[in-house]
2 protein chains.
Amino acid sequence: MNTLEKIQSNLSNFSKSERKVAEVILTSPQTAIHASIATLAKMADVSEPTVNRFCRRLDTKGFPDFKLHLAQSLANGTPYVSRHVDEDDGPDSYTNKIFESSMAALDTARQSVDPMAVNRAVDILTQAQHISFFGLGASSSVAHDAQNKFFRFNVPVTCFDDVLMMRMSCINATTGSVLVLFSHTGRTKAMVEVAKLARDNNAQVIAITAKDSPLAREATLAITVEVPEDTDMFIPMASRLAHLTVIDVLATGFTLRRGPRFRDSLKRVKEAIRESRFEKPSHI
Amino acid sequence: MNTLEKIQSNLSNFSKSERKVAEVILTSPQTAIHASIATLAKMADVSEPTVNRFCRRLDTKGFPDFKLHLAQSLANGTPYVSRHVDEDDGPDSYTNKIFESSMAALDTARQSVDPMAVNRAVDILTQAQHISFFGLGASSSVAHDAQNKFFRFNVPVTCFDDVLMMRMSCINATTGSVLVLFSHTGRTKAMVEVAKLARDNNAQVIAITAKDSPLAREATLAITVEVPEDTDMFIPMASRLAHLTVIDVLATGFTLRRGPRFRDSLKRVKEAIRESRFEKPSHI
DNA sequence: TCTTTAATGTAGTAAATTTACAAAAACAAT
DNA sequence: ATTGTTTTTGTAAATTTACTACATTAAAGA
């Protein structure tokens with residue numbers, strides 16, 4: 001909830017003096033954010049500590065922190081809030097809502113991803129002799145995307161979206177094999193079994209999945225991603241965007257680890273497909 | 001202009017030490033607004049007055065005032081600036097940069113997508129007797145994702161990431177066929193030819209691609225998406241996220257058009273895969 | 001190489017915020 | 001009404017924070 005609204009709704013919970021502070025802030029919030037605690041105290045005709053206590057009552061660290069929160073709530077509207085699509089939303093409305101929800105999801109995901117886990121995953125990937133990407137259902141396209149990306153790195157890669165092929169591939173796994181498993185829930189039985197099978201064959205298993213899930217526990221290394229999935233919609237949407245972005249992060253880490261010479265070869269891959277394209281008009 | 005963007009664009013005008021401050025703030029603006037001038041100075045490895053001078057250079061009264069502005073810019077408008085990954089970025093830094101760039105890309109994409117085009121695409125899709133999704137290279141996983149999504153709608157769908165199959169499929173196309181082509185550049189020769197072939201066979205062609213591209217011109221309807229693609233990285237990253245989100249938008253429009261009864265069948269699809277999962281501990 | 005100018009840091013100062021504690025007010029129970 | 005208790009509020013000191021003036025260092029130009 002927006003800070004200004006919070007003050008409004010908590011008005012009855014405040015003490016007499018605190019309410020005076022609230023009144024002053026509600027009357028001219030723009031003045032409040034630029035005032036010092038002394039000025040504001042004088043305006044509300046209370047003591048400075050009262051203002052400070054008022055701030056703490058609103059779950060802020062103190063006066064400066066409170067001003068920060070207030071400033072944000074004054075900056076028209078909260079940015080990317082996951083908003084549910086309504087029955088009677090027009091194209092304009094649902095288009096915006098979906099995009100904003102996606103951005104909000106990425107933001108949540110970003111905060112939940114542990115960079116150290118990313119770093120260790122990059123370690124494992126750079127040392128791999130062979131990388132396999134596995135995903136079922138909605139995650140199969142994620143696995144395909146990963147394959148497409150790492151393929152350009154001139155590393156042996158495969159990708160499966162079929163349980164039987166995954167299992168067969170695990171049987172042939174060796175110490176140099178690295179498997180990357182994608183699963184939003186981390187509870188798909190088949191995937192958990194595949195992870196176990198792979199580890200039994202000494203392969204390294206990186207899971208990109210939910211925190212504290214069976215798959216996360218079964219993997220050598222788990223990059224856990226928290227995504228506020230829209231439960232109204234019966235289709236996973238936000239999770240795959242988050243997973244794809246994790247792929248980008250891993251790919252970036254990979255190229256950074258390999259150094260500048262490696263990037264030249266990427267450039268050549270890109271140039272290889274140039275001929276298949278229509279020239280872009282150069283005068284634009 | 002948003003403070004964060006202002007820092008980004010003024011980067012060259014700053015002195016060496018000021019740039020260090022800018023880097024720290026851009027890397028984690030959320031940390032910056034909660035830090036004291038001393039903490040920030042230490043993080044950037046500069047002196048406190050340098051931080052202060054940095055603030056003034058951005059037309060603020062001083063450090064606290066700067067934090068207020070920054071807080072506001074994080075709240076409204078575009079908080080996420082597309083930022084390039086540096087050679088010496090640590091895991092923490094590049095993880096954040098990639099996520100933020102992705103969010104910034106989605107924001108740009110959102111502003112460029114025409115909701116009316118979306119609406120017309122939904123019209124066409126709801127009336128389709130058969131839907132095919134085509135994508136090559138990095139777009140093939142996008143097409144797969146679309147297939148997975150629309151498959152749940154109990155509509156006949158196919159998906160190809162192979163030019164020959166695409167062409168064969170076009171030959172058999174009829175008036176009720178709808179093709180959805182994904183291409184970031186809209187300049188892939190093969191795709192443009194496929195679009196032409198399909199239209200010659202009276203199929204409807206929806207292109208999700210770049211504005212004013214050959215493919216956009218060749219299609220019955222184009223949903224044009226503008227994406228600030230990072231040209232340093234020789235791999236398309238942001239574009240596919242934008243295209244996937246467009247799929248979500250189309251899928252949402254589709255379900256809304258079909259009405260509430262339709263959603264029950266989606267629910268059943270979801271329940272069908274429940275058995276394949278480990279139960280989630282209910283006490284959490 | 002020397003001079004000039006710009007950039008950066010050090011140390012001290014002023015301001016603002018917070019803490020600890022005491023006074024006052026409100027409330028309850030005798 | 002009066003006393004004891006709790007809550008609220010304010011005072012004053014301590015601490016943290018930000019800023020200013022000046023010194024030093026680095027860079028640029030002659």
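Each chain gets a letter, A, B and so on, in the order its sequence line appears, and its residues count up from 1. Please read all numbers here as calculations on a predicted model, not as lab measurements.
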Going by heavy atoms in the side chains, are R110(A) and T245(A) under 4.5 Å from each other?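 Answer no - side chains too far apart.
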
Verify the contact: side-chain N or O of [X] to OP1 or OP2 of [N], cut-off strictly under 4.0 Å; return yes or no.
X	N	answer
N52(A)	dT18(C)	yes
R56(B)	dA18(D)	no
S17(B)	dT8(C)	yes

Could you state the atom-to-atom distance from [atom1] of [X] to [atom2] of [N] in whole Å?
X	N	atom1	atom2	value
F54(A)	dT18(C)	CZ	P	14 Å
K67(A)	dA18(D)	NZ	P	11 Å
K61(B)	dT20(D)	NZ	C1'	15 Å
E18(A)	dT8(D)	CD	C1'	9 Å
L40(B)	dT17(D)	CG	P	13 Å

What do you reckon, are the aromatic ring centroids of F254(A) and F150(A) less than 6.0 Å apart?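 Distance test on ring centres: under 6.0 Å, yes.
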
DNA chain C: 5'-proximal contact among D65(A) and S15(B) (nearest heavy atom):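 The residue mapped nearer the 5' terminus is S15(B).
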
Could you check whether S141(B) and D145(A), counting side-chain N and O atoms only, form a donor-acceptor pair closer than 3.5 Å?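 There is such a pair between these side chains.
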
Criterion side chain to side chain contact (heavy atoms under 4.5 Å, CB included) on E226(B) and K211(B), from CA distance to verdict: CA-CA 7 Å; E226(B) 191 185 303; K211(B) 199 179 173 185; 5.7 Å; no

I would like to know whether F66(A) and F54(A) meet ring pair (Phe, Tyr, Trp, His ring centres under 6.0 Å); could you show each step before the answer? CA-CA 9 Å; F66(A) 166 78; F54(A) 166 85; 5.7 Å; yes

Could you tell me whether V51(B) contacts a base, only the sugar-phosphate backbone, or nothing, with contacts defined as non-hydrogen atoms closer than 4.0 Å?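 Nothing, no nucleic acid heavy atom in range.
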
With the criterion being N/O to N/O and under 3.5 Å, what pairs connect the protein with nucleotides 23-26 of chain D, and how long is each?
none

Which atoms form the tightest heavy-atom contact between E100(B) and L26(B), and what is the distance?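 It is OE1-O, 4.4 Å.
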
Within the supplied structure, the quantity of interest is the number of heavy atoms (other residues, nucleotides, ligands) at a distance under 6.0 Å from F14(B) CZ; does it exceed 12?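 Yes, the 6.0 Å shell around CZ holds more than 12 heavy atoms from other groups.
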
If you round to the nearest 0.5 Å, how far is OG of S102(B) from CG of L241(A)?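 That separation rounds to 9.0 Å.
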
Can you check nucleotides 10-16 of chain C for protein contacts, nitrogen or oxygen pairs under 3.5 Å, and list what you find?
none

For S112(A), enumerate each residue passing the side chain to side chain donor-acceptor pair (under 3.5 Å) test, keeping only those at least two apart in sequence or located in another chain.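 With neighbours one apart ignored, the set is empty.
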
